[in-house]
Amino acid sequence: MIKAVGYAAKHSYSKLKRYEFEREEAKANEVEIAVMFCGVCHSDIHQVKDEWSNTVYPCLPGHEIVGRVTKVGGDVTRHAVGDMVGVGCMIDSCRTCEPCRTGDENYCEGPNSWLATYNGPMVPKAKADDGKNHYGRDNTFGGYSNIVVVPADFALKIPAGLQPEVAAPILCAGVTTYSPMKHWGVKAGDKVGIVGFGGLGDMAAKIAKAMGADVTVFTTTKDKLDEAKRIGVTGVLEDDTKTMTSLKSSFDFILSTIPEKHDINPFVKLLKRDKTLTICGALEPMKGVDNSEVAFHRRSVAGSLIGNLADTQEILDFCAEHHIGPDVEVIAIDKINDAYKAVIDGDVRFRYVIDLATLDRNDD
Ligand code: ZN
Ligand code: ZN
């Protein structure tokens with residue numbers, strides 16, 4: 001076993017605190033990674049606070065991980081010691097179901113779904129017919145720690161030219177927004193709407209713009225209109241009825257990035273005939289859709305969950321090539337509880353990224 005240290009929450013109501021634990025040594029198909037940076041995702045907060053009613057405690061979050069390979073198992077050829085790699089939301093999947101066989105691990109239909117980087121199988125309490133959890137574990141610990149051990153094929157290559165702290169949020173926020181834009185065929189010249197301008201919305205807007213789309217972000221915060229201008233996209237206030245009315249039936253694709261339940265009806269109207277609005281942020285029941293707006297224009301309302309491994313590698317490479325990435329604020333790990341509060345209160349547009357080197361200076 002390897003001695004590891006990180007920050008974990010013991011209950012839904014407790015703060016994250018320094019937590020010592022053990023990880024298993026890398027198996028033949030696995031790599032051991034010394035974590036350098038880990039992004040702070042809104043999902044981390046949902047999970048720590050048990051807002052999806054499936055949290056296993058202690059909960060040690062973090063699924064935007066960048067670090068260096070320190071050990072490789074005997075069968076690993078994909079990575080070598082010293083390589084800079086990234087780990088996103090998944091660290092394994094069943095590898096046998098139809099989605100897994102066709103490269104959509106993030107839609108794994110195996111008995112435990114995919115294995116999340118933290119909080120274990122996506123269906124933690126579910127057991128297969130033989131009564132066993134097929135991943136052999138009920139919980140996993142994420143990247144708010146100094147070491148992670150994962151199957152080599154779930155570790156992505158960080159391209160040269162991407163700063164590690166900038167690469168980290170691309171592993172979740174980047175691929176979560178890129179994957180639906182790729183799937184629904186966003187292309188140069190398309191008019192693309194991004195609903196919500198937080199961490200996901202910022203990445204979505206930058207990626208869509210780099211794809212050559214004409215991008216509009218919808219926000220409820222006046223200050224963010226300047227931010228939109230700064231990254232070269234149009235900003236619209238959701239309660240600006242005049243502008244909203246003028247935009248009716250004008251968009252080729254709309255991506256909603258709001259990470260909690262919200263009303264999408266004002267945006268469905270903005271789609272052209274036959275076009276799609278996809279929700280990639282919220283994972284909960286939402287207010288119903290006015291189907292007359294959907295049916296009369298043969299529009300679609302869809303959902304999308306993170307992205308597969310191939311898409312994750314693609315968007316890392318795309319961001320390096322186009323010199324885009326999230327705006328990040330690097331923090332020491334002992335500031336994590338303050339960062340959570342800021343994300344909950346302030347709807348910050350940049351991404352907090354933890355510098356794991358700061359773990360060493362903590363010894364309370
Ligand atoms: Zn995330
Ligand atoms: Zn599968």
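All values below were derived from every heavy atom in this structure, side-chain atoms included, with hydrogens, water molecules and symmetry-related copies excluded.
Every residue meeting the ring pair (Phe, Tyr, Trp, His ring centres under 6.0 Å) condition with Phe350, not counting sequence neighbours, appears here in chain and number order: Tyr352. For the salt bridge (Lys or Arg N to Asp or Glu O under 4.0 Å) test, residues two or more places apart in sequence or in another chain that qualify with Asp263 are Lys287. For Lys3, the side-chain contact (heavy atoms from CB on, under 4.5 Å) partners at least two apart in sequence or on another chain are Glu22. Residues satisfying the side-chain contact (heavy atoms from CB on, under 4.5 Å) test with Arg230, not counting sequence neighbours, are Glu227, Asp327, Arg349. Ile264 is linked by a side-chain contact (heavy atoms from CB on, under 4.5 Å) to His262, Val268, Leu277, Ile279, Met286, Val289, Val301, counting only residues two or more places apart in sequence or in another chain. Judged as a side-chain contact (heavy atoms from CB on, under 4.5 Å), and not counting sequence neighbours, the contacts of Asp290 are Asn265, Ser292, Glu293. Partners of His79 by ring pair (Phe, Tyr, Trp, His ring centres under 6.0 Å), not counting sequence neighbours: none found.
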Q: Please step through side-chain contact (heavy atoms from CB on, under 4.5 Å) for the pair Arg23 and Ser145, ending with a clear verdict.
A: CA-CA 11 Å; Arg23 292 207 188 263; Ser145 65; 3.0 Å; yes
Q | Audit row: Ile207, Phe318, side-chain contact (heavy atoms from CB on, under 4.5 Å) steps and yes/no | A | CA-CA 9 Å; Ile207 293 167; Phe318 181 90; 4.2 Å; yes
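Side-chain N or O atoms of Arg18 include none that pairs as donor or acceptor with a backbone N or O of Tyr7 at under 3.5 Å. Side chain of Asp75 to main chain of Asn29: no donor-acceptor pair is present (N/O by atom type, distance under 3.5 Å, no hydrogens or angles). Although no hydrogens or angles enter the test, the distance criterion places no donor-acceptor pair under 3.5 Å between the side chain of Thr257 and the main chain of Gly281. Side-chain atoms of Tyr57 come within 3.5 Å of backbone N or O of Val48 as a donor-acceptor pair. Checked by atom type and distance alone, the side chain of His46 never pairs as donor or acceptor with a backbone atom of Leu283 at under 3.5 Å. Listed for the Thr216 side chain is no donor-acceptor partner under 3.5 Å among the backbone atoms of Thr234. The main-chain N or O of Thr278 is never found under 3.5 Å from a side-chain atom of Thr276 such that the two would form a donor-acceptor pair. Side chain of Thr55 to backbone of Trp52: no donor-acceptor contact under 3.5 angstrom is found. Using a distance-only test at 3.5 Å, with no hydrogens or angles considered, no donor-acceptor pair links the side chain of Lys229 to the main chain of Gly235. Arg273 places no side-chain N or O within donor-acceptor distance of the main-chain N or O of Arg298, the cut-off being under 3.5 Å.
The minimum heavy-atom distance between Gln47 and Asn54, with the atom names listed, is NE2-OD1, 2.7 Å.
Every pair passing salt bridge (charged side-chain N to carboxylate O under 4.0 Å, His left out) that includes a residue from residues 169-194 is listed here, sequence neighbours excluded: Lys182-Asp311, Lys182-Glu314, Lys187-Asp190. Annotation: salt bridge (charged side-chain N to carboxylate O under 4.0 Å, His left out) contacts involving residues 243-259, sequence neighbours excluded, comprise Asp252-Lys272.
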For residues 66-74, run the donor-acceptor check on the side chains, cut-off 3.5 Å, and write out each pair with its distance to 0.1 Å, sequence neighbours left out.
from, atom 1, to, atom 2, distance (Å)
Arg68, NH1, Gly82, O, 2.8
Thr70, OG1, Glu32, O, 3.1
Thr70, OG1, Glu32, OE2, 3.2

Distance-only donor-acceptor hits, side chain of residues 147-155, under 3.5 Å, sequence neighbours excluded:
from, atom 1, to, atom 2, distance (Å)
Asp153, OD1, Arg95, NH2, 3.1
Asp153, OD2, Arg95, NH1, 2.6
Asp153, OD2, Arg95, NH2, 3.3

Ignoring hydrogens and angles, write down the donor-acceptor pairs under 3.5 Å from the side chains of residues 159-177, residues two or more places apart or on other chains.
from, atom 1, to, atom 2, distance (Å)
Thr176, OG1, Cys172, O, 2.7
Thr177, OG1, Ala173, O, 3.1
Thr177, OG1, Gly174, O, 3.0

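Proximity of Glu321 to Asp317: side-chain heavy atoms (C-beta onward) are nowhere separated by under 4.5 Å.
Here the CD-CG distance, from Glu105 to Asp92, works out to 10.0 Å after rounding to the nearest 0.5 Å.
For Tyr19 and Phe141, the ring centers sit closer than 6.0 Å to each other.
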